[in-house]
Chemist: 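If you scroll down you'll find the structure; I have some questions about it.
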Amino acid sequence: MSKLIVANWKCNPSTLEGAKLLFDSVASGTKDIKNSEVVICPPLVYLSVLKANGAQDCFWEKGGAYTGEISPEMLKNLGCQYVILGHSERRKFLGETDEMINKKVKAALSAGLKPILCVGNSKQLKNGLKGIENWKLKIENLVVAYEPVWAISTTKGGSPATVENVLNGAAFIKEAVEEARIIYGGSVDSKNVNGYILKAKMDGVLVGQASLDSKEFIKIIEAVK
Ligand code: PGA
């Protein structure tokens with residue numbers, strides 16, 4: 001099965017020109033890649049201009065009086081396929097709760113999007129998936145990202161998770177959701193990516209910092225062979 005390589009640009013870059021440049025150079029550097037599915041999740045303001053296939057968040061309602069929110073239907077209608085939900089930065093800085101994230105996962109699946117649910121422990125997984133165990137067909141669209149908070153954004157000097165950390169840490173996800181694809185996120189780069197895919201048997205990776213450097217991101221994709 002092809003591997004899923006997800007770029008999470010977070011709150012970067014600060015201009016549309018910068019976003020276009022990054023997007024175009026990744027697109028041209030990966031046009032011949034066949035064994036991986038590449039998902040780019042830019043900030044929402046750039047999504048429709050770039051025609052990107054991923055978003056970093058969405059709301060749980062279809063529409064209505066919810067200032068500032070973007071519905072899963074809007075993303076779907078723009079041609080977007082994937083949406084990251086429950087990222088630890090949103091839990092920490094925006095106060096997102098398991099209950100909110102659970103509503104978002106359900107809404108995204110109902111709209112035909114593929115949610116990438118980020119979790120660091122079994123409680124977040126259980127609560128995030130509450131009530132959707134029987135959505136047999138739709139749950140195949142689910143991706144779960146194992147993201148231990150201590151391994152995120154350490155590209156500038158910290159230590160990313162070891163293969164053993166990921167093997168042991170993601171075991172609870174494999175047990176709970178056999179149907180879903182499971183990916184790893186946290187300081188992934190072109191040197192450590194293959195360990196996570198080949199040795200820790202992940203179905204892909206979620207890349208933050210390193211996805212902002214098109215050369216490094218292309219190297220990551222090329223390394224997944
Ligand atoms: P990082 O981010 O690669 O910069 O650690 C990963 C993430 O937060 O998803």
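What you see is a predicted model, and the numbers here were worked out from it, not measured in a lab. Order of appearance sets the numbers: ligands from 1, and atoms from 1 within every ligand. FYI, side chains are in, hydrogens and waters are out, and symmetry mates aren't considered; it's all heavy atoms of this structure. Residues take their numbers from the sequence shown, with the count starting at 1.
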Chemist: Which ligand 1 atoms are under 4.0 Å away from a heavy-atom of L206?
Modeler: 9 (O)
Chemist: So F23 and W9, would you call those rings parallel, tilted or perpendicular, with 30° and 60° as cut-offs?
Modeler: perpendicular
Chemist: Quick one: which ligand 1 atoms are inside 4.0 Å of a heavy atom on S187?
Modeler: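 Counting from 1, the qualifying ligand atoms are 1 (P), 3 (O), 5 (O).
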Chemist: Around atom NZ of K20, are there more than 12 heavy atoms of other residues, nucleotides or ligands at under 6.0 Å?
Modeler: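 No, the 6.0 Å shell around NZ holds no more than 12 heavy atoms from other groups.
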Chemist: Quick one: does A210 get within less than 4.0 Å of ligand 1, heavy atoms only?
Modeler: no
Chemist: Give the numbers and elements of all ligand 1 atoms closer than 4.0 Å to a heavy atom of Q209.
Modeler: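 So the answer, numbered in order with elements, is 1 (P), 3 (O), 4 (O).
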Chemist: Looking at G186, which atoms of ligand 1 are within less than 4.0 Å of one of its heavy atoms?
Modeler: 5 (O)
Chemist: I'd like to know whether NZ of K174 has more than 12 heavy-atom contacts from other residues, nucleotides or ligands below 6.0 angstrom.
Modeler: yes
Chemist: Is there a heavy atom of G208 sitting under 4.0 angstrom from any atom of ligand 1?
Modeler: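 Flag set, G208 near ligand 1.
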Chemist: In terms of atom number and element, which parts of ligand 1 are under 4.0 angstrom from non-hydrogen atoms of H87?
Modeler: 7 (C), 8 (O), 9 (O)
Chemist: Would the number of heavy atoms belonging to other residues, nucleotides or ligands and lying under 6.0 Å from CD of E99 be above 12?
Modeler: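 Atom CD in E99 is not crowded, with 12 or fewer foreign heavy atoms closer than 6.0 Å.
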Chemist: Counting each atom of ligand 1 from 1 as listed, which ones have a heavy atom of S153 under 4.0 Å away?
Modeler: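 The atoms of ligand 1 under 4.0 Å from a heavy atom of S153 are 1 (P), 4 (O), 5 (O).
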Chemist: How about L117 and V143: do any of their side-chain heavy atoms sit closer than 4.5 Å?
Modeler: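 They are not in side-chain contact.
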Chemist: Determine, for K219 against D189, whether the closest basic-nitrogen to carboxylate-oxygen distance falls under 4.0 angstrom.
Modeler: no
